[in-house]
Amino acid sequence: MRDGAESFALADRTFFDWPGNWDLEATRFPAPPLPDGWTHDENEAWAFCRPPEDRLPDQGWKIHVSAAPDDAARTIADVAAYCTRHGLTFKYLKSANVLRALSRKYAQRSSAGKLLTVYPVDEADLARTLEGLDALVGGRPGPYVLTDLRFREGPLYVRYGGFRTHYTEDADGELVTAFHRPDGTPEPDRRTPVFHTPDWVTVPDVLKESLAARQALDDFPYRITGALQFSNGGGVYRAAPLGTDALGAGETGVVLKEGRPWSGTDGVGRDAVTRLAHEHRMLQRLAGLPGIPRTFGTLQVRDHLFLVLEDIEGQDFQTWLAAHHPLTVPDPDEQAVADYRDRALALFGRIEALVAAVHGRGVRIGDLHPGNLIIKPGDEPVLLDFEVADEIDRATPSSLGAPGFHRADATGADGDRYALAAIGLWLFLPLAALGGLAPDKAPALLATAAERYALPDALVARLAPQLAPNDDTTSELRSLPGTFPPSDVLASLGRGLRESATPHRADRLHPGDFEQFVEGGAGFGHGAAGVLWARHTVLGERDEEGAAWLRAAVDRVPAERIGFYDGLHGMAYVLQELGDDEAAQRALDRAADRLPVRHCPSLYRGLSGVGLNLLHFADALDRPDLRKQALDLAGRVTERLAAARTEPVERRRRRGAQDAAGLMYGWSGAALFLLRAHQATGDPGLLDQAVLAVHRDLDRCSPGPQDTLQVDEGFRLLPYLDNGSAGIALVAAALLDHRDDDRIHQALPALLRACAADFVIESGLLGGRAGLLATLAALRERAALPPERTDRYLRRHLTNLGQHAMTRNGAVVFPCDGRARISMDLAGGGAGVLLALSTTERGTPLLPFLTDSRPAAAVHPAAPGRVGGAHGAVTPTAPSGAAGTAHHGREVS
């Protein structure tokens, strides 16, 4: 799963949900008694207790209290009693299941360990409270809070941070929580898993000894040379032994696997230290087997345990697959497909033999999946991670497992056999995780893989029984029967969206990616606005209850979240499309005050999306003042572009808008805004800047296989709509209708070829197959690719969307990014697929602002000599023989 997703996947098997909704009433902590006048209220995870007089500043030193799970209720009661006696505001996790969710191995490390938070009003109050609480609970066991400084022996931890929620942009253009410097300027409240104080804050005297103890270096016998991965249970590091006393001292390098006490718990509550000590015993039992790393023992450092392992030369299995899989290109070579099949079958045979050897020692692996395999040169597999390995005849299921590779009810070696069969499927069609959602999805995918690769009948006959669904009837999801798309696919997707609605909930209207809980559940990308717009645009639906929900959400969303795809401007756009001009204006008004302090140029959450929306409302409402605001933003965007063009191009993973390329986060979204601003004014300078913005994104691209051009992140190439070739292609095509630019003209065919890969791991609009399909459909009349080839790519995308599709109560649904749960949102779920299919089949608008619906007189004439009309470059073409259609009163060509 993606970082942080596990905590949101516990309450519901179908959709992401707050961990606070995971059997809440059955596991709720008893509410502490409060004196008269105190208030008690809750959000999705926390219960807040406040005295009658609110004396809290906006920020200061806060105290976190941790506890072992069995001691949590007692600790809450004891700390609450102290706080009520002394008039201290505090909050606590409202249930034991929330505590379990935030303690899991793959929970967010910045949140882990925090059972209670106490808010002293000043440093004197901090000192008194620390001494008082230490006398009461000091020395009790509990997980380390990584963001904080431990006070004495714990479980009290302290950090400087915000008491009230404020937001600002960080250096990457992301909206983050903030505090304020003494001069009032906002600064990101860093919640990284390491203790940090702002440069203008002095550590109080009561914490000086704790700080000195943290900074004191123990005689650690290794030099850390690199971090391989992190989890809530601890890190995994490459290291070099120092001196002859270090374990593995004869090695040039070792791997250190860290276990933190009371952290990184599994399904039965065992912490990382317990599992790491168990793993050492299992590795000793398996010593000498080829494909099992050597262990040099364990090392205790304070209360952390380190397992010292052999450093294996090789690639992790996912990297190996990405490097060799033959279907990630537009036109796979059939000989290459056959060669890969033979190579993969040989590797799978070695993995089967390795698992059999482990079973021969009487051990079941328990957590077998591709992430726990390294492939050495010569395609020799090595098994990692024996934390939950056990006796082969163990009559209980494994306590950990990756979705799609873990059968929750499998006991003994049956769980390994299922995981092994899923790996066999994954080698050819890396969508095995979908089997964790729909019980009959894996057999359907196996049939697809068998046909595409001409897999041996004997292999399919061996894998099929292992992957066959059991009698599990608790899942709502089933594999889509028949071929995709079914004749009623748009109506079926719409029904799935309608039936998922939860208008009684204030935090979300439709379930989506867990990112909706970060963004507030109402936005265009991951929230209600995007789903309502897709239903309205494609199906002509105006959901009155949904519109009322969105209208009410205008006052709930933080005013700092002003972006088009993540906040108020996208909500305003949809409310106006639904006919509610008053609510739309209220959303614009709430966002207006926050605009001067925003700097991110992106379309998704920054100035370009806001600027495009202001241009839209300036025309819709005949508001010259909004047009002036939009043009002021265009000036700010061009200033940011000029600064960016002085910096070297860095091909690295996108951390935020500063490192991105493409439509949503990169400079192509800014180019779209500058183009529309040029059309509104006729100013050729804005068109010049739009061209330069696309050039900046092209600078981030590298040639890929089969004459493709893709966004280069240093370790992978990306073709997608949000941060890849597809988004650049859409804006590049629009620009070519207004400016004859050789670089853009030459790049467009290669950008479009990148949208045609045979295999795509995600299905969604912004980061998956649906977006590639829609881009090819929207630009199919550009003649950048031969028409017969484009048609073939479109048919293949349509067919292969069925690999991702499932049904819920008979309605078609799709998984979110990561394939861990079903999503209805626009960015990665069903609403986005609905838009992509409608763009392909009906020529309806794909996304706002991509279609040029401005009057022709406002359009600066296009330069001659290139394919394309005078305007409407990105307007999807209507089906053959169909005329242009009227869309909600706006012209669509």
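- Ring planes of Trp61 and Tyr160: perpendicular class, angle over 60° (limits at 30 and 60°).
- Ion pairing between a basic and an acidic side chain is recognised when a charged N comes within 4.0 Å of a carboxylate O; Glu380 and Arg350 show such pairing.
- One finds no salt bridge joining Arg341 and Asp339 here, because no Lys/Arg side-chain nitrogen approaches an Asp/Glu carboxylate oxygen to under 4.0 Å.
- Counting heavy atoms from C-beta on, the side chains of Arg275 and Asp266 come closer than 4.5 Å.
- Taking the six-membered ring for Trp and the full ring otherwise, His324 and Tyr340 have centroids separated by 6.0 Å or more.
- In plain terms, the two heavy atoms of Asp148 and Arg214 that are nearest each other are O-NH1, 3.1 Å.
- In this structure, a donor-acceptor pair under 3.5 Å is present between the side chains of Glu713 and Asn723.
- In summary, the aromatic rings of Tyr157 and Phe195 are positioned with their centroids too far apart to meet the 6.0 Å limit.
- One side chain, Gln710 or Thr708, offers a donor N or O that lies under 3.5 Å from an acceptor on the other.
- Comment: Asp416 does not engage Arg394 in a salt bridge, judged by the lack of any side-chain N to carboxylate O separation of less than 4.0 angstrom.
- The residues Lys257 and Glu279 are annotated as salt-bridged, a charged nitrogen and a carboxylate oxygen being separated by less than 4.0 angstrom.
- Using a 4.5 Å cut-off on side-chain heavy atoms (C-beta onward), Asp758 and Thr328 make no contact.
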Please list, one pair per line, the donor and acceptor atoms closer than 3.5 Å that link side chains of residues 243-252 to other protein atoms, with sequence neighbours excluded.
residue : atom : partner : partner atom : Å
Glu251  : OE1  : Arg294  : NH2          : 3.3
Glu251  : OE2  : Arg294  : NH2          : 3.4

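- Taking the side chain as every heavy atom from C-beta outward, Pro370 and Leu373 never approach each other to under 4.5 Å.
- Aromatic rings from Phe317 and Trp426 are positioned such that their centres are separated by under 6.0 Å.
- Under a 4.0 Å N-O distance rule, the pair Glu387/Lys105 qualifies as a salt bridge.
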